[in-house]
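Down below is the structure, laid out as structure tokens.
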Amino acid sequence: MKNNVVAVIDMKAFYASIECVERGLDPMKALLVVTDTTRKESTIVLSVSSALKKMGVPSRCRRRDLPNIDGMIYAIPQMEKYVKKSAEIVSIFLDFVGQDDLHIYSIDESFLNLGPYLKLYKCTPHELVTRILNKIKDQTGLIATCGIGPNMFLAKVADDNEAKNNKDFIAEWNYEDVPTKLWPLKPIDKMWGVSDGYSKRLNEMGIYSVGDLATYDKELLIDKFGILGEELYEHANGRDEANIRDKYLPLNKGLSLGQVLMRDYKKEELPLILKEMCDELTIRLRKIHKNCNCVHLGIGYALSADGGFFHQCELLTPTSVNSELLKSIMYLFNTYCEDKPIRRVCISYTNLKDKGTEQLSLFMDAKSLDDEEEMYKTLDEVMNKFGKNSVTRTSALTKSSTIKARHNQIGGHRK
Amino acid sequence: MSDRGMKKWLPFASLVEQNEYLEQMIYEKNKIKKPQVSIEQARKIDLILKEHQDLTLNFKIYLDGYLYQFAGKIVKIDLNKHLIFFKDFYVPIKDVIDIDDPNDFSDIC
């Protein structure tokens, strides 16, 4: 582990840069924001170009918070394009390293384990990264920043704090740089892994910079924060034992789906929305070949009414048939929902069981449930082949339906 | 030191769709070119197909960028459509890369 080399590559203003390249503009100079102009003022700004960031525009804000700047371009989000571009960039990484040595951290950020490849390419980490960044620039026109370090943590902190200020957007930190580069970082939340809440609590303990944290009493930190206290201490000293090759796969504990409605919905309109969301989530459930044994329903009322609820209910037998799952959701809805305007809905399935053996129930008609599941599976196949809007319930044509609009979205933004 | 390891670097997977596109990209990327079948190999395939007679044979086929291996009994060979029929599926003859008769040791000696 001592001589390992890890690089983290992060796309600069990813969505905004893609829009710039598409319009033939220089992603470093153009004044462009990605936000859905067809939505209301309070909609989120997805991405802000580098030039605007330099002018002091916050990188995460709402459209009404944007300052008035001459010549600013508004781009409507095209999520599908961004996700495809992201896959294209990952494909470039895979030209250089194997799949085991790559860790995809988010849509525009990946960790690469370069250690084993330096001998193969006969170059320094800096040269190898330059080659990767150049290839990204040639192939996609996008600009990336990169942090290099002996472990994932130092690479990430180098990328976050130094890379964007360097000329070639590459920052290389080693263990020797910890006292000179890591420790002066101030305020403490510049360090990866320290949130606002932690930052406040650390400040109360008299810790204001990473250096303070690194020289603090380790036992006291453990007392106060538990395992995370030890982790903070180790990080502040530049140590991180994580190995990219140990893939950590979280167990598939549950599936969930939520949406914020575009206007206040009445209680009578909700069953339709629930039906559509149930259909949508059950498709995902069948895709991973699981049955669900517990459904949750969460409802948030509009600001004027305030509040909401989150309840769960156990099923008699695990199932992946839409109608059975919908029954439980409707039961929860009818029992707990009050007559107030509704703005947020979320459903989730947990307690997932493998398909295969099943305990039959005397109260259910196993044959008809089987038939129904076959029918839904066939529908899944049709949707897979011809797109999700090819088959919908007739109710999708009614005014309160959101399903067609949602099918044209990725992550709640335009496809 | 009790490190959480890769757990702490768990991606914030807010986009379920990202994985679908990544899987597809990797599937496309790992595709290989169809291997060339040498004349000798073609002759061997031809010979085995002519005299297979209800034997379980080992097949190597090329399908959509990937090589697959399986063992099976030929039910029928359609010479007009150039298809080999097995019990519940069929394979075009041009996709067959290699056939081995597990009882034939002639190529070893």
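Remember, it's a predicted structure, so these values are computed and weren't measured experimentally. Convention: sequence-line order gives letters A, B, ...; per-chain numbering from 1.
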Does any backbone or side-chain atom of A:K287 lie under 4.5 Å from a heavy atom of chain B? Answer side chain, backbone, both or neither.
side chain
Quick one: what part of A:L228 sits under 4.5 Å from any heavy atom of chain B, side chain, backbone, both or neither?
side chain
For atom CG of B:D64, decide whether the heavy atoms of other residues, nucleotides or ligands shown that lie under 6.0 angstrom number more than 12.
yes
Euclidean distance, B:L22 CG relative to A:I107 CD1, rounded to 0.5 Å:
8.5 Å
Top contributor to chain B interface from A:E109, A:M152, A:K84 [non-hydrogen pairs under 4.5 Å]
A:M152
Counting only heavy atoms not in B:I32 (residues, nucleotides, ligands), do more than 12 fall under 6.0 Å from its CD1?
yes
Neighbour count above 12 (heavy atom, 6.0 Å) for A:R344 CZ
no
Between B:M6 and A:F111, is there a side-chain heavy-atom distance shorter than 4.5 Å?
no
Step through the shown structure and confirm whether more than 12 heavy atoms of other residues, nucleotides or ligands are within 6.0 Å of NZ on A:K385.
no
Under 4.5 Å to a heavy atom of chain A? For B:K7 that would be both
Separation of A:I410 CD1 from B:E17 CD (nearest 0.5 Å)
5.0 Å
Is A:L94 close to B:K29 at the side-chain level, that is, under 4.5 Å between some pair of heavy atoms?
yes
Side-chain touch B:Q18/A:S106, heavy atoms, less than 4.5 angstrom
no
Given the rule in the side chain to side chain contact (heavy atoms under 4.5 Å, CB included) test, do B:E20 and A:V83 qualify, once you have shown the distances and angles that lead to the verdict?
CA-CA 10 Å; B:E20 286 171 28; A:V83 179; over 6 Å; no
So does B:W9 get a backbone contact from the side chain of A:H103, meaning a donor-acceptor N/O pair under 3.5 Å?
yes
Residue selection (most heavy-atom pairs with chain A, distance under 4.5 Å) from B:E28, B:Q24, B:M25:
B:M25
Test: ring pair (Phe, Tyr, Trp, His ring centres under 6.0 Å). Region: residues 79-100 of chain A. Which pairs qualify, not counting sequence neighbours?
A:Y15-A:Y82
Minimum side-chain heavy-atom gap B:Y21-A:V90 below 4.5 Å
no
